[in-house]
Amino acid sequence: MSSSETSTPSNFIRHIIDDDITAGKNGGKVVTRFPPEPNGYLHIGHAKSICLNFGVAEDYQGRCNLRFDDTNPHKENIEFVESIQKDVRWLGFEWGEQHYYASDYFEKLYEFAVELIKVGKAYVCDQNAEEMREYRGNLKEPGRESPYRDRTVDESLDLFVRMRAGEFEDGSKVLRAKIDMASPNMNMRDPTLYRIRHGVVHHQTGSEWCLYPMYDYTHPISDALEGITHSLCTLEFEDHRPLYDWVLDNISIECHPQQIEFSRLNLQYCVMSKRKLTQLVDEGFVEGWDDPRMPTIAGMRRRGFTPISIRDFCDRIGITKSDNSVEMGVLESCIRDDLNTNAERRMAVLHPLKVVIENLAEGQEEQMEAANHPQNEAKGSRKIPFTRELYIDRNDFLEVAPNKKFKRLVTGGEVRLRNAYVIRCDEVIKDDAGEIIELRCSYDPDTLGANPEGRKVKGVIHWVSATHGVPAEIRLYDRLFSHPTPDSSKEEGKSFTDYLNADSLRTLTHCYVEPSLAESEAGVPVQFEREGYYCLDTQQSANGGLVFNRTVTLRDSWAKIEGQGR
Ligand code: ATP
Ligand code: MG
C-alpha cells in the first residue's frame, strides 16, 4: 500500500519512501525503529515520533522496532523502560518480537571498535575533557590534533583492551574516531566513541562493562544490525548525519540505513526536554511524571486524554522540516472532538447550593431516565434519583436577573432541571452573614418531558440529588507555564521554572457528582454537562473520596486568554 491509500496525511518522508519503493531500494522493504533513551517518561513530542515510525511501518506493511537507546546507565532505569513500553502500547502500537536494547550490541560494538583501531580509524586518547575542549577549536577556528593521535595501532589496541578490563579511571582515556580536526563540522573533529564509567550498575548488563559507547557511534550500528531502512530522527541530528554515515562506511557491515531528519514538536506553554521535565519532578514542582499537567503520555492519560486524540493530533501537526511551536488549542481541539462524539454525559455540581423541593415529601423520590449521549442512542441511558433535597451550582442562581440574557434561576423565577422537571424558586434562605445557603423551591409535576402550561421556561441547569449524590474533589487544570515559550524567553537571569503558572491547579473539595459516577473507571472521561470533560483520577483524595480531573473545558478558552486572564 502506498501512503496515498491511508488516512494518514502524506509528508516528505513518505514521499522519500514511495520513491525508494519504486526504485526497488532495500528490496522494497520498510523497517523503522523508535529509539527512546530510558531516562524519563515519554512525552507528547515522543508521540509524534512514535506515530511516524510505527505509522509508516504499518502503512507500508513493514515493521517498527522498539529499541532502548541505553548507553548512559547513570541516568537510566527500569521504571523508565517499563513506562515507555506501557505508553507505546497504550497509544495503540505493537512491536511484537522486535524489542531490543542498544546494550544487546555492546559486544558487537566493541568488536567494530577494535576493527576501526586496526585500520587506523580510531585511537585511544589520554587528553582530559578540558584539553579535548581546548583542542577542538570552534566554528571559526579549526581544531588541533591530539598528541595521542599518532599512537601506533598496537598501542591503541592494547590500551583499549585494558580500558575494557577496568585498568583506567573514569575520564583518563577515551577512544576517538580519527577523522578530521579541521572539519567545518564539529561532530567530525575526532569524536569520542567510548568512555570509561566505573561503579554504575546498568539496568540490563549489570556490572559487566565499565566501557560505554557514545550515542553517535552506537546508533548507526544498532540501526544497521537491525536492518533498519529509514532511520527517522529530529533535526538536531542533521549535523550528525556525516558521522552516522562515516561509522557505517568504515566498518564491515552491509546494511546502511538512510537517516532522515524532521522537526521536533514544541508545544506552547510547555517544556518538552526530558532534562527539564526531570527537574520539575525531582524538585517537586509537580506531583510526578504522571501529574495531569505534565505533557507526558502518562500525565495526559491520567488527565483523560485518549489515544485517538493524541494520534489525531500527530496527524494534524504533520511532519515537516520547519521548527515551530504548536498552539495548545490544537491539542485541545483534538481531545474535544473525540470526547464530544464519544464521551458519555453525566451531571456534577462543582459549587453546590442546596435546593429543597417543598412540594415533594420527605423520603419521596423518583427515578429520572437520562440519555448517556444526546446524539447517540446506542450509548443507552441511566437512572438519576430526583429527591426533595438537591444541589444546583451557585453560579446558576441570582436573586435578581442582571439582564435579559440571564436564563438561569432567580427569586420567583423558573428553570428546568436537566433530565427532570421545571422548578420555581419561592424563597431564599441566608445565614447571619447574608450568604445564601439554601433555596426553597417547588416543582411542576406536569413538566417532565413537556413544556409548562401557558409560560415559557428557557433555562436548563444541571443538578445532583443531595441524598444520593456522591461527594467528590474536582481538580481544574490550567497551563503549567504562564509564558508561551518558557524555555526560550529572552528575559535575562530567568530560568524556565520562573514561568510556572501559580494557578495551574485549582482544587474544589466540596463537589457532588451523580451516583452513577461512583462506578467510574479511572482515566475514562465523561462530559459533566455544561462544565467540561472530566475523568476519575487514579488516586483517591486525602480523605479517601473520589477525585475527578478536568480533561478539557467545553469550549476553547485559549483563544481569548491573552491579556485577559481567566
Ligand atoms: P529530550 O530532548 O526530551 O530528552 P530525546 O531526543 O533525548 O528527547 P529520546 O528518548 O532520545 O529523547 O527520544 C526518542 C525519539 O523520540 C528520538 O528519535 C527523538 O528524536 C524523538 N523525539 C524526542 N523528542 C521529540 C519531539 N519533541 N518531537 C519529535 N520527536 C521527538
Ligand atoms: Mg536522545
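From a predicted model like this one, the values you see are computed outputs, not experimental measurements. Read the numbers this way: they start at 1 and go in the same order the structure lists the ligands and their atoms.
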Novice: Check whether the ring centres of His240 and Tyr244 lie less than 6.0 Å apart, and answer yes or no.
Specialist: no
Novice: Students often mix this up, so state it plainly: with edges at 30° and 60°, are the rings of His99 and Trp95 parallel, tilted or perpendicular?
Specialist: tilted
Novice: Only heavy atoms of Ser273, strictly under 4.0 Å: list the atoms of ligand 1 that pass.
Specialist: 3 (O)
Novice: Restricting to ring pair (Phe, Tyr, Trp, His ring centres under 6.0 Å), what partner residues turn up for Phe481, sequence neighbours left out?
Specialist: none
Novice: Is it the side chain, the backbone, both or neither of Phe34 that has a heavy atom closer than 4.0 Å to ligand 1?
Specialist: side chain
Novice: Going by the angle between their ring planes, with limits at 30° and 60°, are Phe160 and Tyr194 parallel, tilted or perpendicular?
Specialist: perpendicular
Novice: Would you tell me which option among His43, Arg264, Lys276 has the nearest heavy-atom contact to atom 2 (O) of ligand 1?
Specialist: Arg264
Novice: Are any of the N/O atoms in Glu37 less than 3.5 Å from those in ligand 1?
Specialist: yes
Novice: Any atoms of ligand 1 less than 4.0 Å from a non-hydrogen atom of Pro35? List them with their elements.
Specialist: 14 (C), 18 (O)
Novice: If you measure every N or O of His46 against every N or O of ligand 1, does any of those distances drop under 3.5 Å?
Specialist: yes
Novice: Among residues at least two apart in sequence or on other chains, which ones pass ring pair (Phe, Tyr, Trp, His ring centres under 6.0 Å) with Trp289?
Specialist: Tyr41, Phe80
Novice: With only distance considered, is Leu265 within less than 3.5 Å of ligand 1 through an N or O on each side?
Specialist: yes
Novice: What do you reckon, does Arg275 put a non-hydrogen atom under 4.0 Å from ligand 1?
Specialist: no
Novice: Please find out if less than 6.0 Å separates the ring center of Tyr534 from that of Phe548.
Specialist: no
Novice: Ligand 1 and Thr234, any nitrogen or oxygen pair closer than 3.5 angstrom?
Specialist: yes
Novice: When rounded to the nearest 0.5 angstrom, what is the spacing between NZ in Lys25 and CD in Gln258?
Specialist: 4.0 Å
Novice: Considering both backbone and side-chain atoms of Cys233, is one of its nitrogen or oxygen atoms within less than 3.5 Å of a nitrogen or oxygen in ligand 1?
Specialist: no
